[in-house]
Peer 1: 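I have a structure I would like to understand better, so I am pasting it below and will then ask my questions one at a time.
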Amino acid sequence: IGKKVQAIYLWWHKPVINKELLQSLPNLKVIATSGVGMDHLDLKLVASFGVKMANAPHAVSSSTADAGMALLLASARRLVEAHNISISPSLEYYEAEMLGVKVAGATLGIIGMGSIGYKIALRAKAFEMNILYHNRTQRKVQEEQAVGATYCKKIDNLLQQADFVVLVVSLTPQTHKLIGKRELELMKPTATLINISRGAVVDQEALVAALRTGVIRAAALDVTCPEPLPRDHPLLKLKNVIITPHLGIKTDKATYMITEEAVENILAALNGLPLPSEVLPS
Amino acid sequence: MWYHKPVINEELLQSLPNLKVVASSGVGIDHLDLKLLFSYGVKVSNTPFIVSTDTADMGMALLLASSRRLVEGHAMAVSPDTEHFPADWLGVEVSGATLGIVGMGTIGYKVAERAKAFEMKILYHNRNQRIKEEESAVGAVYCRKIDDLLLQSDFVLLAVNLTPQTHKLIGRRELELMKPTATLINISRGMVVDQGALVEALQNKVIKAAALDVTDPEPLPRDHPLLKLKNVIITPHIGSATKKTRWVMMEEMAESIEAALADLPVPRQVL
């Protein structure tokens, strides 16, 4: 049966693509992944077997940006805590102070200003937020002006000024543990960290320590390392943390569009045509 | 007056012969018997505009949290029973969806400004149509009949004030006009919705979900069905609950009180 397989559509990083699998599928031409992240694939290995790879960058950006904003707002306004108090069988905590942080006029620091990061900027602008961003390269002036974003060549400048820091980078050796003890200590004690990129972009132990000791105010994480976290992990117990189950692209519309993009790429590969969103090993 | 307490009735007013002013926190005045207060020569003030931005933000927070099943998702992520995240667990896309805003005052308009950035199509129903420039700025289309809005919206957000005309504005009939895939968001007053009809509609999948910052009463009795429905998010009337806004509200209330006591024009006086 292995000889018949020409394409793989990876759904949620499964099946795991390793040497054994690739050797057992001599006619494999293309692997299309359901999302934009490629950190779960050994790009060089796959390419060495002459297999093309594609992701689905266009389908994910809006829904992931929406998820980022959802987490930002939920954290700022303590939505999960508030809901739990509202439905609690006990009214003991109902009158307790439930003040959140005002979003309008606050500063948002976007780390990673690709398609998703830029869509976050578009949304945050409508909430009257001041926008700073850090990226490998600066965006064009018109793009910056359209969202009122200021470039921070040094990540430190962004961290020191932001009330909300959102991570929207792809996971690479350069972004692995990008946010560690040093970066967290640069952040304001009133600041919130939002992660919609990959768990490994953050030094998770350092994050736990920072949240416990008030080095930062709160965190909202759609991604962790691993997913899900072990059930005894300290992050699960912290009151100032919201964790969501990697739902960035999990909407009816996005999953449909992702599959459409994947099919387009697969058909192109099988017909010897250029792939719309091919990913090459760099 | 903070969070509608103390209750202002004839007894209280009679016992306070020198009462000159009642400064109420927030914008809503549905809890005040204005006729009664004015008959005792008492002035009334509120804090209308400062709450608008935070309340609009809360509306969007509830819309996003509901659509992406954020509360459910968090519960799953931290539950001691969770072993893996199911692959078929989906929410609803906000970008490109249709938002129907019922009540396009200051708060409703700010919601529209925010929703536009999510590429949402915006419909609105209001006593009066807004001017063309205001509509164009947010891409909002007027629905003179609320039914048209209800039929087309993926998200219906209530931002009206509570008056005899808006009491139970959303009842069984209105809920049945909504799409079965639609979500109701209420940041106005609990009584704008027929709560019994809402419970039935949610239980029978007449609508998909609800997210409520306001209920009737607040808090709901602990055995109320709304507390148990998985497709409902409830928050304890925190629309304006941010440190910055509450600070300004208190300053504004103090200002209004000082003016009234000095017989000067009262800022934010309710007439």
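The sequence lines fix the lettering, A, B, ..., with proteins before strands; numbering per chain opens at 1. Quick caveat, the model's predicted, so the values are computed rather than measured.
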Peer 1: Just wondering, are more than 12 heavy atoms of other shown residues or ligands nearer than 6.0 Å to CH2 in B/Trp247?
Peer 2: no

Peer 1: Which of the residues B/His224, B/Lys244, B/Lys243, B/Met76 is involved in the greatest number of heavy-atom pairs with chain A at under 4.5 angstrom?
Peer 2: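 Most heavy-atom pairs within the cutoff with chain A belong to B/Lys243.
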
Peer 1: Could you check which of A/Ser90, A/Ala104, A/Gly105, A/Pro89 has the highest count of heavy-atom pairs closer than 4.5 Å to chain B?
Peer 2: A/Pro89

Peer 1: Can you tell which part of A/Lys237 gets under 4.5 Å to a heavy atom of chain B, answering side chain, backbone, both or neither?
Peer 2: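 No part of A/Lys237 comes within 4.5 Å of chain B.
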
Peer 1: Can you confirm whether A/Glu128 sits close enough to B/Arg114 that some side-chain heavy atom of one is under 4.5 Å from a side-chain heavy atom of the other?
Peer 2: yes

Peer 1: Pick one of side chain, backbone, both or neither for B/Glu72, based on which atoms fall under 4.5 Å of a heavy atom in chain A.
Peer 2: neither

Peer 1: Please examine the side chains of A/Lys102 and B/Ser240, heavy atoms only from C-beta on, and report whether any two atoms are closer than 4.5 Å.
Peer 2: no

Peer 1: Counting heavy-atom pairs under 4.5 Å to chain B, which of A/Gly100, A/Ser62, A/Ala70 comes out on top?
Peer 2: A/Gly100

Peer 1: Heavy-atom distances under 4.5 Å only: say whether B/Pro80 touches chain A with side chain, backbone, both or neither.
Peer 2: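 The answer is the backbone of B/Pro80.
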
Peer 1: Is the number of heavy atoms from other residues, nucleotides or ligands under 6.0 Å of A/Arg212 CZ greater than 12?
Peer 2: no

Peer 1: Could you check whether any side-chain heavy atom of A/Leu71 comes within less than 4.5 Å of a side-chain heavy atom of B/Leu64, counting everything from C-beta outward?
Peer 2: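 When only atoms from C-beta onward are counted, B/Leu64 and A/Leu71 do not touch, as no gap falls below 4.5 Å.
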
Peer 1: So, does A/His83 use its side chain to make a donor-acceptor pair with the main chain of B/Ile234 at under 3.5 Å?
Peer 2: yes

Peer 1: Quick one: are B/Val92 and A/Lys253 in side-chain contact, heavy atoms under 4.5 Å?
Peer 2: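 They are not in contact (no side-chain heavy atoms under 4.5 Å apart), so the answer is no.
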
Peer 1: Within a strict 4.5 Å, meaning less than it, do heavy atoms of the A/Phe127 and B/Glu113 side chains meet?
Peer 2: no

Peer 1: With chain A as the partner, which of B/Asp57, B/Leu220, B/Asp223 has the greatest number of non-hydrogen pairs under 4.5 Å?
Peer 2: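 Sorted descending by pairs with chain A, the first entry is B/Asp57.
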
Peer 1: Would the number of heavy atoms belonging to other residues, nucleotides or ligands and lying under 6.0 Å from CD of A/Glu205 be above 12?
Peer 2: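 Counting other residues, nucleotides and ligands, CD of A/Glu205 stays at 12 neighbours or fewer.
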
Peer 1: Based on non-hydrogen pairs under 4.5 Å, which of A/Leu91, A/Ile85, A/Val80, A/Asp222 is most in contact with chain B?
Peer 2: A/Leu91

Peer 1: What do the steps show when you test B/Arg246 against A/Glu97 for salt bridge (charged side-chain N to carboxylate O under 4.0 Å, His left out), and what is the final call?
Peer 2: CA-CA 12 Å; B/Arg246 285 290 162 86; A/Glu97 172 254 316; over 6 Å; no

Peer 1: Looking at A/Tyr256, I want to see if its OH is surrounded by more than 12 non-hydrogen atoms of other residues, nucleotides or ligands under 6.0 Å.
Peer 2: no

Peer 1: What part of A/Val101 is in contact with chain B, defined as an atom under 4.5 angstrom from a non-hydrogen atom: side chain, backbone, both or neither?
Peer 2: backbone

Peer 1: Tell me, out of B/Ala65, B/Gly73, B/Pro219, who's got the most heavy-atom pairs with chain A below 4.5 Å.
Peer 2: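 Highest number of heavy-atom pairs under 4.5 Å: B/Pro219.
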
Peer 1: Any chance the side chains of A/Arg78 and B/Thr242 put a donor and an acceptor closer than 3.5 Å?
Peer 2: no

Peer 1: Working note: B/Val78 + A/Leu236, criterion side chain to side chain contact (heavy atoms under 4.5 Å, CB included); need CA distance, chi angles, decisive distance, verdict.
Peer 2: CA-CA 5 Å; B/Val78 305; A/Leu236 269 49; 4.2 Å; yes

Peer 1: Report which part of A/Thr224 has an atom under 4.5 Å of a heavy atom belonging to chain B: side chain, backbone, both, or neither.
Peer 2: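 Contact with chain B is absent: no heavy atom of A/Thr224 under 4.5 Å.
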
Peer 1: Looking at B/Ala56, B/Gly239, B/Gly96, which one has more heavy-atom pairs under 4.5 Å with chain A than the rest?
Peer 2: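 Maximum pair count with chain A is reached by B/Gly239.
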
Peer 1: Rounded to the nearest 0.5 Å, what's the gap from CD on B/Glu93 to CD1 on A/Ile249? Could you check?
Peer 2: 10.5 Å

Peer 1: In terms of heavy-atom pairs under 4.5 Å with chain A, which of B/Val94, B/Leu226, B/Asp81, B/Thr82 leads?
Peer 2: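 Of B/Val94, B/Leu226, B/Asp81, B/Thr82, B/Thr82 has the most heavy-atom pairs under 4.5 Å with chain A.
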
Peer 1: Do the side chains of A/Ile242 and B/Leu70 get nearer than 4.5 Å, heavy atoms only?
Peer 2: yes

Peer 1: I'd like to know if the side chain of A/Arg77 reaches the main chain of B/Ala61, judged simply by a donor and an acceptor atom lying under 3.5 Å from each other, with no hydrogens or angles considered.
Peer 2: no

Peer 1: Mind checking whether A/Ser63 and B/Arg68 have side chains closer than 4.5 Å, heavy atoms only?
Peer 2: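 Answer yes - side chains close enough.
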
Peer 1: Between A/Arg123 and B/Glu119 (salt bridge meaning N to carboxylate O under 4.0 Å), is one present in this structure?
Peer 2: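 Looking at A/Arg123 and B/Glu119, the cut-off is met.
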
Peer 1: Count the heavy atoms belonging to other residues, nucleotides or ligands that lie under 6.0 Å from NE2 of A/His58, then report whether that count exceeds 12.
Peer 2: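 Counting other residues, nucleotides and ligands, NE2 of A/His58 stays at 12 neighbours or fewer.
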
Peer 1: Using a cut-off of under 4.5 Å on heavy-atom pairs, state which of A/Thr255, A/Asp66, A/Thr244 scores highest against chain B.
Peer 2: A/Asp66

Peer 1: I need the residue from B/Asp54, B/Thr245, B/Ile238 with the largest number of non-hydrogen atom pairs under 4.5 Å to chain A.
Peer 2: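 Option with the greatest count: B/Asp54.
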
Peer 1: Supply the atom-to-atom distance A/Lys250 NZ to B/Phe85 CZ, rounded to the nearest 0.5 angstrom.
Peer 2: 8.0 Å

Peer 1: For the interface with chain B, which of A/Asn84, A/Leu73, A/Leu99 has the highest count of heavy-atom pairs at distances below 4.5 Å?
Peer 2: A/Leu99

Peer 1: Rounded to the nearest 0.5 Å, what's the gap from CG on A/Leu79 to NE2 on B/His74? Could you check?
Peer 2: 11.0 Å

Peer 1: Who wins among A/Ala74, A/Ser88, A/Ala254 for the most heavy-atom pairs under 4.5 Å with chain B?
Peer 2: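 With the most close heavy-atom pairs to chain B, the winner is A/Ser88.
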
